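Accompanying notes for the structure given below.
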Amino acid sequence: MNKNPNNYNDELIETQVYQDNYFPEHLKTNPKILDSTTIPKIIKELYTETLSLVSKKMFRFAALGLRIIIEEISKHFGAKKFNLQNKIDELHKENKISDSEKNVLETLKNFGDDAAHNNIIQPELILRSGIEIVESLLIKIFVFDEQKENLLNSVTKKD
């Protein structure tokens with residue numbers, strides 16, 4: 001019989017610390033993004049690379065990855081401006097993104113800028129939130145229309 005019940009908990013804690021250091025949790029890719037035929041290949045690649053960077057605790061580069069995804073989304077929608085801030089403004093003026101999405105994209109852009117120019121690294125939790133926001137934006141601007149069309153086609157075929 002174990003006289004010190006804390007030994008078991010100590011072992012669990014040590015095991016968790018070991019796993020966190022040597023086998024970081026891998027973020028799961030969103031199947032809606034990977035299975036979509038409407039998201040450009042380069043954006044899917046950047047998305048999975050950025051997830052990998054967060055999983056490997058490479059937060060500086062993950063912030064840059066989020067920024068690059070925003071740059072590619074802007075290019076995809078034909079933003080012509082040179083500066084990413086101006087591209088975001090252009091997408092907003094053309095009603096391709098909402099006010100709140102504009103604010104979030106600006107924040108994520110600034111995370112990448114801070115990582116590149118000021119060596120400021122965002123915490124993991126913030127970067128994971130950034131990934132979730134980018135996922136929801138990708139689903140909204142690329143996947144939703146595809147799903148809507150599939151749904152409408154299936155309803156039309158039954159009539």
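In this chain, numbering begins with 1 at the start of the sequence shown. Just so we're clear, the structure is a prediction, and the values are computed from it rather than from any experiment.
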Check ion pair E101-K140 (N to O, under 4.0 angstrom): yes

Heavy-atom side-chain proximity of E72 to H76 below 4.5 angstrom: no

Trace of the ring-ring contact (aromatic ring centres under 6.0 Å, His included) decision for F142 with F77: CA-CA 11 Å; F142 291 109; F77 283 108; 5.7 Å; yes

Distance in Å, L46 CG paired with I42 CD1, rounded so as to fall on 0.5 Å steps: 4.5 Å

Intermediate values then yes/no, side chain to side chain donor-acceptor pair (under 3.5 Å), S74 and E71: CA-CA 5 Å; S74 300; E71 185 82 44; over 6 Å; no

Shared hydrophobic cluster for L64 and I121 (ILVMFWY, side-chain gaps under 4.5 Å): no

Joint hydrophobic cluster, M58 plus I126, side-chain heavy atoms closer than 4.5 Å: no

Audit row: I39, S36, side chain to side chain contact (heavy atoms under 4.5 Å, CB included) steps and yes/no: CA-CA 6 Å; I39 297 176; S36 172; 3.7 Å; yes

Straight-line distance of I133 CD1 to L138 CG, nearest 0.5 Å: 12.0 Å

Atom pair CG (N103) and CD1 (I97), whose distance is rounded to the nearest 0.5 Å: 9.0 Å

Under 3.5 Å: donor-acceptor pair, side chain of N118, backbone of I120: no

Spacing of CD1 belonging to I33 relative to NZ belonging to K44, to within rounding of 0.5 Å: 9.5 Å

Worked check of side chain to side chain contact (heavy atoms under 4.5 Å, CB included) between V104 and T107: CA-CA 5 Å; V104 169; T107 300; 5.5 Å; no

Partners passing side-chain contact (heavy atoms from CB on, under 4.5 Å) against D113 (at least two apart in sequence or in another chain): R67, K109, N110, H117

Side chain to side chain contact (heavy atoms under 4.5 Å, CB included) between K81 and D89, intermediate numbers included: CA-CA 9 Å; K81 305 292 183 178; D89 291 341; over 6 Å; no

Donor on one side chain, acceptor on other, E132 and S129, under 3.5 Å: no

Exercise: identify the closest heavy-atom pair between L127 and A62: CD1-CB, 4.2 Å

Value rounded to 0.5 Å, distance of CD1 in I43 from CD1 in I70: 11.0 Å

Candidate list I69, I68, V134, test side chain to side chain contact (heavy atoms under 4.5 Å, CB included), partner T50, passing option: I69

Lys/Arg N to Asp/Glu carboxylate O, E124 vs R128, below 4.0 Å: yes

K75 NZ to L84 CG distance, which is reported to the nearest 0.5 Å: 10.0 Å

Evaluation steps, side chain to side chain contact (heavy atoms under 4.5 Å, CB included), between L53 and R60: CA-CA 9 Å; L53 290 167; R60 177 180 294 109; over 6 Å; no

K56 vs L51 side-chain heavy atoms within contact, under 4.5 Å: no

N30 backbone acceptor or donor facing Y47 side chain under 3.5 Å: yes

Over 12 foreign heavy atoms within 6.0 Å of CZ, F61: no

Over 12 foreign heavy atoms within 6.0 Å of NZ, K102: yes

Electrostatic pair E90:K93 at N-O distance under 4.0 angstrom: no

